[in-house]
Amino acid sequence: QLAVYIKAHPNAVGKVVDFDPGTDRLYHLDLTAGNKDIDAATITDTVRFDRWVTEKLHDNNCLYGIGGYMEHRTIYTGISLFDNSRDEPRFLHLGVDVWAKAGTVVYSPLQGKVHSFNDNNNYGDYGPAIVLEHDLDGLTLHTLYGHLSRKNLQGLSVGMPIHINQKIGDFGVIEENGHWPPHLHFQLMFDIEGKQGDYPGTCRYSEKEKYLENIPDPQLILRFPGAVNG
């Protein structure tokens, strides 16, 4: 349904970040166990993790890093938000991460309204997050923007109109974005399931098919070209 709408209304989709396909390069950041260049110890050490991301982007002359949709991130082992030893861990990543410097501007790619917002201030969580709601010719779509700056939540109100390509936020710093290297978690959901300023960004691998029904590939909106692989 979403792909059909976008194909019929290509001009209705704007940008999420200031990416110029003519000049900017994307680096594919692989956070699976298959990437032997990174491990759980790096992931859980935010300063070390941030240095690794920064070096990868710099060494490959890339302004942005990208990756994560339906990526099985077993290297989240040890982060209690995802890895509860009493249950199956939530290692399957449901959104796309866009990695760049703190302060990178975030835009709404679609016309819509503010659905909800919240400061999910827990270690490993979204930190400040905004959820927008869009009516696409009767198809309801929600977009989630996680790991923003705390100042981005000021002045918002539920139902506030949002225009295409309107600035809605900035990449937050480590101290307020859930303790991650600066990046945007961008995710699409048809059904927000009653949640406010939040929605799971990871799930159990056994739930993959269920979430695939509700969470389309953000690349439908991002429309980024191929990334440089490390």
Side-chain angles (χ1 to χ4, degrees), residues 1-19 64 66 68-70 93-100 102-121 125-172 176-178 180 182-203 211-224:
Q1 290 175 296
L2 179 58
V4 171
Y5 174 85
I6 292 172
K7 185 175 181 179
H9 305 84
N11 295 328
V13 182
K15 60 186 177 181
V16 175
V17 293
D18 284 312
F19 176 81
Y64 295 100
I66 189 77
Y69 179 63
M70 294 297 162
H93 194 256
L94 300 174
V96 160
D97 287 330
V98 182
W99 307 86
T104 297
V105 177
V106 179
Y107 304 89
S108 172
L110 300 164
Q111 182 174 328
K113 63 183 179 181
V114 174
H115 173 275
S116 53
F117 50 94
N118 189 51
D119 187 357
N120 304 281
N121 190 20
D125 211 329
Y126 288 132
I130 298 173
V131 176
L132 303 182
E133 182 177 322
H134 315 276
D135 180 357
L136 309 180
D137 284 354
L139 174 66
T140 299
L141 180 71
H142 299 87
T143 53
L144 181 148
Y145 310 80
H147 310 297
L148 301 177
S149 174
R150 197 160 282 145
K151 67 183 180 182
N152 300 148
L153 304 184
Q154 299 172 7
L156 292 182
S157 60
V158 173
M160 176 185 293
I162 299 292
H163 306 292
I164 185 173
N165 291 333
Q166 178 178 332
K167 178 185 174 180
I168 59 167
D170 313 87
F171 288 22
E176 63 182 21
N177 76 354
W180 294 97
H183 73 290
L184 171 72
H185 178 99
F186 178 63
Q187 188 168 308
L188 311 179
M189 297 83 55
F190 295 119
D191 184 358
I192 196 71
E193 299 181 33
K195 301 190 184 304
Q196 301 292 313
D198 193 15
Y199 189 87
T202 60
C203 75
Y211 279 97
L212 275 171
E213 292 289 321
N214 191 44
I215 300 178
D217 188 346
Q219 176 68 358
L220 289 169
I221 298 292
L222 291 169
R223 299 187 288 188
F224 282 158

* Could you tell me which residues satisfy side chain to side chain donor-acceptor pair (under 3.5 Å) with Y107, sequence neighbours excluded, listed by chain and number? => D18
* Without swapping roles, check the side chain of Q187 against the backbone of P218 for a donor-acceptor pair under 3.5 Å. => no
* Structure fact -> Residue set satisfying side chain to side chain donor-acceptor pair (under 3.5 Å) with S149, at least two apart, ordered chain then number -> E176
* **Least distance between heavy atoms, L110 atom then A12 atom** => CD2-O, 3.4 Å
* So, for A129 and G146, which heavy atoms are closest and what is the spacing to 0.1 Å? -> CB-CA, 4.2 Å
* **Heavy-atom pair with the smallest gap, counting every atom of F117 and V158** => CE2-N, 4.2 Å
* Structure fact -> Residues P109 and V16: closest non-hydrogen pair is CG-CG2, 3.8 Å
* For F186, check ring pair (Phe, Tyr, Trp, His ring centres under 6.0 Å) against everything at least two apart and list the hits. => Y145
* What residues, two or more places apart in sequence or in another chain, satisfy salt bridge (charged side-chain N to carboxylate O under 4.0 Å, His left out) together with D217? -> none
* Asked: Can you name the nearest heavy-atom pair linking I215 to Y69, along with the distance?
  -> O-OH, 2.8 Å
* Pair T104-L184, side-chain contact (heavy atoms from CB on, under 4.5 Å): steps then yes or no -> CA-CA 9 Å; T104 297; L184 171 72; over 6 Å; no
* Structure fact -> Applied to residues 148-169, the salt bridge (charged side-chain N to carboxylate O under 4.0 Å, His left out) test, sequence neighbours excluded, yields D119-R150, K167-D170
* Asked: CG/L222 to CG/L188 distance, rounded to the nearest 0.5 angstrom?
  -> 7.5 Å
* For the student: nearest non-hydrogen atoms of F224 and V17, plus distance -> CZ-CG2, 3.9 Å
* Test item: I192 and V131 side chains (from C-beta on) under 4.5 Å apart, heavy atoms -> yes
* To do: May I ask you to check whether over 12 heavy atoms, not counting those of K15, lie within 6.0 Å of atom NZ?
  => yes
* Step through the shown structure and confirm whether more than 12 heavy atoms of other residues, nucleotides or ligands are within 6.0 Å of CD on Q1. => no
* Asked: Who are the side-chain contact (heavy atoms from CB on, under 4.5 Å) partners of N118, not counting sequence neighbours?
  -> N120
* Asked: Quick one: does S108's side chain get under 4.5 Å of L132's, heavy atoms only?
  -> yes
* To do: Would you check if V13 and I221 make a side-chain contact, meaning some heavy-atom pair closer than 4.5 Å?
  => yes
* Please identify each residue that fulfils ring pair (Phe, Tyr, Trp, His ring centres under 6.0 Å) with Y64, with sequence neighbours left out. => none
* Asked: Who pairs with E193 by side chain to side chain donor-acceptor pair (under 3.5 Å), at least two apart in sequence or on another chain?
  -> Y199
* **pair V106-F171: side-chain heavy atoms closer than 4.5 Å** => yes
* To do: Quick one: list whatever passes side-chain contact (heavy atoms from CB on, under 4.5 Å) with D97, sequence neighbours left out.
  => R73, H93, W99, H183, H185
* Structure fact -> side-chain hydrogen bond (donor to acceptor under 3.5 Å, both in side chains) pairs touching residues 127-139, sequence neighbours excluded, are H9-D137, H134-T143
* **Worked verdict on I162 versus K113 for side-chain contact (heavy atoms from CB on, under 4.5 Å)** => CA-CA 5 Å; I162 299 292; K113 63 183 179 181; 5.5 Å; no
* **Flag side-chain contact, heavy atom, 4.5 Å: D198 against Y126** => yes
* Structure fact -> Residues passing the side-chain contact (heavy atoms from CB on, under 4.5 Å) test with M160, sequence neighbours excluded, are V114, L156, S157
* Asked: By side-chain contact (heavy atoms from CB on, under 4.5 Å), which residues pair with Q196, not counting sequence neighbours?
  -> H115, S116
